[in-house]
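One structure is given below, encoded as structure tokens.
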Amino acid sequence: MLRAAAAAASGPLLLGACGTREDAPRRDTGDPWRQFAGTTLNFISENTAPTAAIAADLRPFTRLTGIRVNIVTLELSALVQKVALDLASGQAQYQVIYADPYQVLAPYSKGLVELRELAADPTLPPLPGGFGDFIPTQLDAAGRFAASDKVFALPYDCPTMIWQYRRDLFDKYRDRMAADLGFDPTPGEDSTWEQYYAIAKWFTDNADDVPYGTGHQAKQHDSLMNDFSNVLWAHGGSYFDDDTAVGRLGTIDPGPCRLDADAAIAAAEFYRRLLSVADPASRTWDWDGVGAAFRAGRLAMCPNWHEFAASNEAAMPGKVGYAPLPKGPARRAGMYGGTGIAISANTLPNERRAAWLFLLWATSPDTQLRGLAGKVGGGTPTRRSVYERGDVKAAARRPSPMPNLLTTDVVERTWQSENIGLRPKIPMWNECDTAIYTEVSRMLAGDASPAEAMRSARKRFDRIIARGWTA
């Protein structure tokens, strides 16, 4: 998925020199980090914040290893197409792959290297902290497919949807809102989606210094699926019988779709009502659009990816607050959108080992910490050991030199197994994603009722999955 601080690109961004088609040379220098000096690797990635930080900070890796890395960044759909073609070719133009769990890992896991073999190789440097240093839900969601005993990718980024709000405006209007609404409007653990709706409407109707109470990433796009899914799960709806298991490890057989269940229809009804009081431009926005509107002072609050915190703090220092998304009748859920980095199984043996060195370095605690503090891009850590550092804990409070860490408490609660929102990790997800955001978009346009939209989505899901079985 796209992440907030990444630089948008209309075409591929190429950094470095052209790659090599030859197997990586091995140098017996005695230093396990230098044994593939002279190799050139190609890394294909979505244009994300962590990759922007890595691209700006490649010199330490080259000095350490003697390996050069070219980075090509693309919009996600273009990346998926290139990766699919490259894996099918039997060769590896791209040795290192940004393996989106739903559009790359699930459909193409057989084309990726199983990383435990490299981690166990005594001639290679050890994985810092081992696999256990990665946050468990993220290692499963971003690194595994269908089985818990294989790892195909190392968790690389971890964008998570949370509640972002104008703390200064909530402080200013708190007493008036509480008197009018009959509850404390301050976002917190007990806040509900019905209260969110009431707060949004109050701001739109009563506040002179902000035009709209809420905005959403409700464009007919992957972003709409993300925004709607938070509400779906909170209301007790689901895509399949066990969305947590299907989302965490993944499966080729998720069973029948459940989007026509009463809870899913109730979620769609609420979502349509919520969007009726949102900024009307919401239906033209993805995550970047709603993030820009929030920073421009157009919205009092919005659900969005936590990595927008850095941009928020740059535009409105000290004025933004962060909270978990509200609870629904069933539970609280915040969409996790993290991705891992993987190695193409088409790479030759030594080239594969050189790529493993890059994975070790790119996901290492030191590199993640530099990304947090860097001037360009930067995500948030996927390793528990980074969050345990004293300087990282201190940066979770204002004033912070690492503003994405201001969301630490919120995202750590959201990553708990009972709160994390995981879309289905199935080989057919790309088509299913299109089905759900198309049907919800029809509903928002008034072309279908909530029940009609959910029933149509369920039928489309079942047809897609049936085709997947017969393909």
Response to the item:
Distance col, row Gln138:CD vs Arg248:CZ, nearest 0.5 angstrom, shows 10.0 Å
Fill in: Verdict with reasoning, Tyr322 to His306, per ring-ring contact (aromatic ring centres under 6.0 Å, His included)
CA-CA 8 Å; Tyr322 307 96; His306 83 278; 9.3 Å; no
Worksheet item: Under the 3.5 angstrom rule, does the side chain of Arg352 hit a backbone N or O of Ala345 as a donor-acceptor pair?
Response: yes
Discussion item. So, taking the atom named CH2 in Trp285 and the one named CZ in Phe294, what distance separates them when rounded to the nearest 0.5 Å?
Written reply: 11.5 Å
Worksheet entry | Test item: Thr73 and Ile71 side chains (from C-beta on) under 4.5 Å apart, heavy atoms | yes
Practice prompt. State whether a side-chain donor-acceptor pair under 3.5 Å links Gln164 with Asn312.
Written response: yes
Worksheet, complete the sentence: With sequence neighbours left out, the residues meeting salt bridge (charged side-chain N to carboxylate O under 4.0 Å, His left out) with Arg398 are Glu313
Worksheet item: Using a distance-only test with no angle check, is there a side-chain donor-acceptor pair under 3.5 angstrom linking Asp157 and Tyr98?
Response: yes
Discussion item. Which heavy atom of Gly30 sits nearest to which heavy atom of Pro32, and what is that distance?
Written reply: O-CD, 3.6 Å
Worksheet item: For the side chain of Asp140 and the backbone of Leu249, is there at least one donor-acceptor N/O pair under 3.5 Å apart?
Response: no
Worksheet entry | Taking every non-hydrogen atom, the tightest pair across Ala395 and Pro401 | CB-CD, 4.2 Å
Worksheet entry | Residue pair Ser441 / Gln220, side-chain donor-acceptor N/O under 3.5 Å | yes
Item to complete: Could you tell me whether a side-chain N or O of Lys425 sits under 3.5 Å from a main-chain N or O of Ala141, the two making a donor and an acceptor?
Response: yes
Fill in: Phe145 vs Pro427 side-chain heavy atoms within contact, under 4.5 Å
yes
Fill in: Worked check of side chain to side chain donor-acceptor pair (under 3.5 Å) between Arg353 and Thr123
CA-CA 10 Å; Arg353 291 151 62 84; Thr123 69; 2.8 Å; yes
Discussion item. Under a 3.5 Å threshold, yes or no: a donor from one side chain and an acceptor from the other, between Thr51 and Tyr156?
Written reply: yes
Worksheet, complete the sentence: Here the pair of heavy atoms bringing Ala99 nearest to Leu112 is CB-CD1, 4.4 Å
Worksheet entry | Gap between atom CD of Glu431 and atom CD of Gln103 - 0.5 Å precision | 11.0 Å
Worksheet entry | Carboxylate-amine/guanidinium proximity below 4.0 Å for Arg331 and Glu418 | no
Fill in: Side-chain donor/acceptor of Asp433 to backbone N/O of Asp222, under 3.5 Å
no
Worksheet item: Would you say Phe134 and Leu154 make side-chain contact, with heavy atoms under 4.5 Å?
Response: yes
Worksheet item: Does the side chain of Asn226 reach to within under 4.5 Å of the side chain of Trp305, using non-hydrogen atoms?
Response: yes
Worksheet item: Relative to the ring of His221, is the ring of Trp287 parallel (under 30°), tilted (30 to 60°) or perpendicular (over 60°)?
Response: perpendicular
Worksheet item: Just checking, any donor-acceptor pair under 3.5 angstrom between side chains of Arg332 and Asn230?
Response: no
Practice prompt. Apply side-chain contact (heavy atoms from CB on, under 4.5 Å) to Val69 and Phe358, showing your working.
Written response: CA-CA 9 Å; Val69 181; Phe358 179 73; 3.8 Å; yes
Fill in: Mutual orientation of the aromatic rings belonging to Phe461 and Tyr239 [parallel < 30°, tilted 30-60°, perpendicular > 60°]
parallel
Worksheet item: Rounded to the nearest 0.5 Å, what separation is found between the CZ atom of Arg258 and the OG atom of Ser238?
Response: 8.0 Å
Worksheet entry | Donor-acceptor pair, side chain of Thr40 and main chain of Arg68, under 3.5 angstrom | no
Worksheet item: Do Asp253 and Thr251 have side-chain atoms, one donor and one acceptor, less than 3.5 Å apart?
Response: no
Worksheet entry | Check: Thr438 side chain, Thr434 main-chain N or O, donor-acceptor pair, under 3.5 Å | yes
Discussion item. Could you walk me through whether Thr244 and Val246 satisfy the side-chain contact (heavy atoms from CB on, under 4.5 Å) test, starting with their C-alpha distance in whole Å, then the side-chain angles of each, then the deciding distance to 0.1 Å, before giving a yes or no?
Written reply: CA-CA 6 Å; Thr244 300; Val246 174; over 6 Å; no
Discussion item. Is it the case that the side chains of Thr160 and Trp415 hold a donor-acceptor pair, with the cut-off being a distance below 3.5 Å and no angle test?
Written reply: yes
Discussion item. Measuring from atom CG of Leu406 to atom OG1 of Thr380, what distance do you get when rounded to the nearest 0.5 angstrom?
Written reply: 11.5 Å
Worksheet item: Can Thr367 and Ser364 be counted as having a side-chain donor-acceptor contact under 3.5 angstrom?
Response: yes
Response to the item:
Residue set satisfying salt bridge (charged side-chain N to carboxylate O under 4.0 Å, His left out) with Glu412, at least two apart, ordered chain then number -> none
Practice prompt. Could you tell me whether a side-chain N or O of Gln95 sits under 3.5 Å from a main-chain N or O of Asn42, the two making a donor and an acceptor?
Written response: yes
Worksheet item: Are any of the side-chain nitrogens in Arg384 or Asp133 under 4.0 Å away from the carboxylate oxygens of its partner?
Response: no
Worksheet item: How far apart are the closest heavy atoms of Leu359 and Thr363, and which atoms are they?
Response: O-OG1, 2.8 Å
Item to complete: Determine the minimum heavy-atom distance between Ala342 and Phe152, stating which atoms define it.
Response: CB-O, 3.2 Å
Worksheet item: Can you find a pair of side-chain heavy atoms, one from Phe43 and one from Ile97, that are under 4.5 Å apart?
Response: no
Practice prompt. Might you point out which heavy atoms bring Thr339 and Ala142 nearest each other, and give the distance in Å?
Written response: C-CB, 3.9 Å
Worksheet item: Is the closest side-chain donor-acceptor distance between Ser89 and Gln91 under 3.5 Å?
Response: no
Discussion item. Would you say that Phe36 contacts Glu351 through its side chain, given a criterion of any heavy-atom pair below 4.5 Å between the two side chains?
Written reply: no
Discussion item. Measuring only between side-chain heavy atoms, which start at C-beta, is Leu372 closer than 4.5 Å to Pro381?
Written reply: yes
Worksheet item: Under the 3.5 angstrom rule, does the side chain of Glu46 hit a backbone N or O of Thr48 as a donor-acceptor pair?
Response: no
Discussion item. Is a donor from one side chain sitting under 3.5 angstrom from an acceptor on the other, for Gln217 and Asn304?
Written reply: yes
Fill in: Listed partners of Arg458 passing salt bridge (charged side-chain N to carboxylate O under 4.0 Å, His left out), at least two apart
Asp260, Asp462
Worksheet entry | Worked verdict on Leu124 versus Gln35 for side-chain contact (heavy atoms from CB on, under 4.5 Å) | CA-CA 9 Å; Leu124 296 171; Gln35 57 187 310; 3.6 Å; yes
Item to complete: Could you go through the side-chain contact (heavy atoms from CB on, under 4.5 Å) check for Ile343 and Leu118 one step at a time?
Response: CA-CA 11 Å; Ile343 301 172; Leu118 292 166; 3.8 Å; yes
Item to complete: To the nearest 0.5 Å, tell me how far Phe308 CZ sits from Cys302 SG.
Response: 8.5 Å
Worksheet entry | Arg455/Glu439 salt bridge by N-O under 4.0 Å criterion | no
Worksheet entry | Under 3.5 Å: donor-acceptor pair, side chain of Thr407, backbone of Asn404 | yes
Response to the item:
When Asp366, Thr65, Ile67, Ile54 are each screened for side chain to side chain contact (heavy atoms under 4.5 Å, CB included) with Trp361, the one that passes is Ile54
Discussion item. With heavy-atom distances below 4.5 Å as the criterion, would you say the side chains of Ser344 and Leu87 are in contact?
Written reply: yes
Worksheet item: Should the pair Trp163 and Tyr165 be assigned to parallel (<30°), tilted (30 to 60°) or perpendicular (>60°) ring geometry?
Response: perpendicular
